[in-house]
Amino acid sequence: MKKSFDIITPQEYKKLEKRLEIVYGYGFTPFGRSILAFTKQGVCFLAFEEDEEKLLYELEKTWQKAYLVRDDEKVHEYLKNIFLHKTKVNMFVKGTNFQINVWRALLSIPDAAVTTYQDIANSINKPKAVRAVASAIGSNNIAYLIPCHRVIAKSGAMSGYRWGIDRKKIILAYEALNEIDENE
DNA sequence: CTCCTACTCCTGC
DNA sequence: GCAGGAGTAGGAG
């Protein structure tokens, strides 16, 4: 269940002289309209939102040095692989050590399972850093592939989701249904 | 340094 | 049940 994960730190990214080439595009997913972007190394951005301008703005904010090339066709292939064929794809992320540790912990949550912010904090040996864990989860730029939707509050409340609580509920319900299908 | 946060716990309605 | 306060660690500027 290892997904490969190329990492760049914010410092390294700042020092980049050559502009990073990023291919992006829009497409539909089971969870609504989305933007997906990728580099040679893998998917570097995936977000849900109906408004394309907002999506593009978020992408630009995250990868400010990038040279963006639009290619909806390639993006549709990616979306099909991810949401239809459930293929594992490579990812390329920018983050601090702490964020990377948190995101790795998210990747080890089994499909359709749910965990809590406290559990994630425990699993990276920082049981007191619950709040920091939550903010690291909230800064994840690759929706769905890094399954931040599987983390809820200890109280059982859905808590927050960058792309809307309702969407979090829908994704969890969808995963639960798929699980039932596979067990039949 | 200051301010913020997708948390959690405790208290007092 | 809900509201407010404190503790808390990390990130951004």
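Owing to the predicted nature of the structure, the values given are computational and were not obtained by experimental measurement. Per chain, numbering begins at 1; letters A, B, ... match sequence-line order.
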Protein-nucleotides 8-10 of chain C N/O pairs under 3.5 Å:
unit_1: C:dG10; atom_1: OP1; unit_2: A:Lys126; atom_2: NZ; d: 2.7

For [Y], does its backbone N or O pair with a side-chain atom of [X] as donor and acceptor, under 3.5 Å?
{"X": "A:Arg162", "Y": "A:Asn140", "answer": "yes"}
{"X": "A:Gln99", "Y": "A:Thr96", "answer": "yes"}
{"X": "A:Tyr13", "Y": "A:Lys65", "answer": "yes"}
{"X": "A:Ser34", "Y": "A:Gly27", "answer": "yes"}
{"X": "A:Arg167", "Y": "A:Phe31", "answer": "yes"}
{"X": "A:Glu175", "Y": "A:Asp111", "answer": "no"}
{"X": "A:His76", "Y": "A:Tyr26", "answer": "yes"}
{"X": "A:Lys168", "Y": "A:Val151", "answer": "yes"}

Exercise. Using Watson-Crick and G-U wobble pairs whose two distances are both under 3.5 Å, how do you write the pairing of DNA chain B as dot-bracket, with | for links to another strand?
Worked result: |||||.|||||||
Exercise. Does a salt bridge link A:Glu49 with A:Arg33, judged by any charged N lying under 4.0 Å from a carboxylate O?
Worked result: no
Exercise. Taking CG from A:Asn97 and C1' from C:dA12, how many angstroms apart are they, rounded to a whole number?
Worked result: 16 Å
Exercise. Counting heavy atoms not belonging to A:Glu50, are there more than 12 under 6.0 Å from its CD?
Worked result: yes
Exercise. Any side-chain donor paired with an acceptor under 3.5 Å for A:Gln118 and A:Asn122?
Worked result: yes
Exercise. What orientation do A:His149 and A:Tyr161 show, parallel under 30°, tilted 30 to 60°, or perpendicular over 60°?
Worked result: perpendicular
Exercise. Parallel under 30°, tilted from 30 to 60°, perpendicular over 60°: which one fits the rings of A:Phe92 and A:Trp63?
Worked result: parallel
Identify, residue by residue, the members of [range] with a heavy atom below 4.0 Å from DNA chain B, and return them in order of residue number, or none.
{"range": "residues 159-173 of chain A", "result": "A:Ser159, A:Gly160, A:Tyr161, A:Arg162"}
{"range": "residues 45-66 of chain A", "result": "none"}
{"range": "residues 7-17 of chain A", "result": "none"}

Exercise. Shared ILVMFWY cluster between A:Met91 and A:Tyr24, side chains joined below 4.5 angstrom?
Worked result: no
Please enumerate all protein N or O atoms sitting under 3.5 Å from an N or O of nucleotides 9-13 of chain B, with distances to 0.1 Å.
unit_1: B:dC9; atom_1: OP1; unit_2: A:Lys154; atom_2: NZ; d: 3.0

